[in-house]
Student: 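Let me begin by handing over the structure; questions about it come next.
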Amino acid sequence: MKAVILEETRRIAVRDVHDAEMRETTDVLLRVTSSAICGTDLHFYEGRMRGIEGGVIGHEPLGVVEEVGSAVTGLIKGDRVVVPTHICCGFCAMCVEGHSSECLTTNPGAAGAAYGYPNKGGYQGAQAELLRVPFADANCLKLPGEPGDDWEDDFVLLADAFTTGYHAAAIIDVGPGDTVAIFGAGAVGLLAAYSARLRGAARIYVIDAIAERLEKAGELGAIPINFLHGDPVEEIRRRQSKLRFGSAFRHEKPLGGVTCAIDAIGFQARSRSDYSREDPYWVIEAIAEIVNPAGRVAITGVWPAEDAGAADASLAEGRLRVPWSKLFNKNASINMGRDDDERWNRKLRDMIVSGAAKPSRIVSHRPSLDEAPTAFAKFDAREEGYIKVVLKLG
Ligand SMILES: [Zn+2]
Ligand SMILES: [Zn+2]
């Protein structure tokens with residue numbers, strides 16, 4: 001089968017490799033029709049999260065069931081399914097409580113497994129023609145329609161980007177009337193903005209520095225803020241203050257920020273003063289500044305256990321300086337972590353099918369599998385409007 005291999009840092013190749021094969025009676029073999037490239041794949045590509053060099057990359061597959069293990073009860077050959085990034089078993093103490101990204105059995109000795117991901121169980125990646133899906137009954141979400149139909153790019157986003165964006169909004173209960181500041185307008189930040197809108201937020205600010213991504217945020221109904229054009233905290237306060245006039249808001253000056261904030265960038269945030277450099281501190285500092293008293297904060301950008309390219313030893317181990325007192329004195333609540341895909345993917349599928357959600361509005365490029373090396377390079381450079389890339393197979 002053809003597959004995308006991360007040969008070494010910044011070197012992607014499309015190669016013929018051994019076909020993925022069934023190993024357990026609980027497996028299915030998936031014939032992949034679409035497979036998305038994630039911002040997280042770029043952390044591997046840039047050599048910041050190491051350990052899958054030489055292996056197949058990718059963790060966002062959509063496809064059709066090709067072969068079914070004898071112990072699989074809910075699937076038959078020909079079923080169209082999307083498979084979440086995080087591989088769960090469905091029966092361990094974490095899975096039964098809905099924490100599918102912290103599954104205890106699929107990566108023994110740790111919590112959480114994923115396809116094509118370092119330190120997540122060694123599973124082969126999903127940017128390939130075939131994928132072995134373990135515990136298929138728990139991991140495959142059945143879908144209507146046919147490969148290549150109008151839902152193809154909506155459904156592929158159920159593997160990770162849409163569920164993670166929704167997770168960011170849901171874990172801090174974004175709801176009617178909330179004001180939300182979202183740092184980062186990659187696929188997850190944009191879909192967090194879209195999800196906040198679906199959940200009834202009154203005003204949504206999206207902070208980024210790339211024109212095409214900010215434009216997309218605007219198309220989705222958010223207010224784009226370019227962090228290179230000024231202090232985003234001041235800009236949000238200025239815009240919010242225009243809304244707060246008349247007697248209804250007397251004595252409410254401390255509420256000039258937002259009720260909710262989301263970090264959808266993570267450890268590789270770009271510096272505000274020099275975009276060519278990284279500054280992992282400013283986002284949490286801005287969040288602590290801009291949230292109102294009793295504000296709710298979601299940290300969903302990736303913070304890996306080890307960063308091979310960190311600026312100092314402390315950051316290499318993920319120890320970040322955080323304005324703890326400010327957050328404490330605001331009674332802020334903080335929620336964080338990986339997306340428990342299984343909590344949201346069924347509900348979001350049904351919203352797509354009913355027409356209530358169309359997440360594929362953020363998909364910018366649809367190259368073939370063979371074009372993966374160029375797609376990675378351009379996506380990594382954030383050039384030519386590369387926002388979300390879906391590789392097409394077959
Ligand atoms: Zn992903
Ligand atoms: Zn489990």
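Source: prediction; values computed, not measured. Counting starts at 1 for both ligands and their atoms, following the listed order.
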Student: Run the side chain to side chain donor-acceptor pair (under 3.5 Å) test against T26 and tell me which residues pass, sequence neighbours left out.
Tutor: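 Not a single residue meets the side chain to side chain donor-acceptor pair (under 3.5 Å) criterion with T26.
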Student: What number of protein N, O or S atoms occur at distances under 2.8 Å from the Zn ion (ligand 2)?
Tutor: 4
Student: Any link between I223 and I362 through a network of hydrophobic side chains (Ile, Leu, Val, Met, Phe, Trp, Tyr) touching at under 4.5 Å?
Tutor: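 Result: no, two separate clusters.
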Student: Quick one, N331 and P293 - any side-chain contact, counting heavy atoms below 4.5 Å?
Tutor: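 Contact flag for N331/P293 side chains = no.
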Student: Please determine whether a side-chain nitrogen of the Lys or Arg among E8 and R50 lies less than 4.0 Å from a carboxylate oxygen of the Asp or Glu.
Tutor: no
Student: With 2.8 Å as the threshold, which protein atoms of type N, O or S lie near the Zn ion (ligand 1)? Leave waters out.
Tutor: C38 SG, H59 NE2, E60 OE2, D160 OD2
Student: Please name all residues satisfying ring pair (Phe, Tyr, Trp, His ring centres under 6.0 Å) with F135, sequence neighbours left out, ordered by chain then number.
Tutor: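 So F135 forms a ring pair (Phe, Tyr, Trp, His ring centres under 6.0 Å) with F91.
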Student: Are I299 and N335 close enough that some pair of their side-chain heavy atoms sits under 4.5 Å apart?
Tutor: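 Side chain of I299 against side chain of N335, heavy atoms only: no contact under 4.5 Å found.
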Student: Show your working on side chain to side chain donor-acceptor pair (under 3.5 Å) between R277 and Y275 and close with a plain yes or no.
Tutor: CA-CA 5 Å; R277 296 182 45 222; Y275 190 77; over 6 Å; no
Student: Run the ring-centre check on Y166 versus Y194 and record whether the distance is less than 6.0 Å.
Tutor: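 No.
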Student: Would you say the rings of W344 and F162 are close, in the sense that their centroids are separated by under 6.0 Å?
Tutor: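 Centroid distance F162-W344: not below 6.0 Å, so no.
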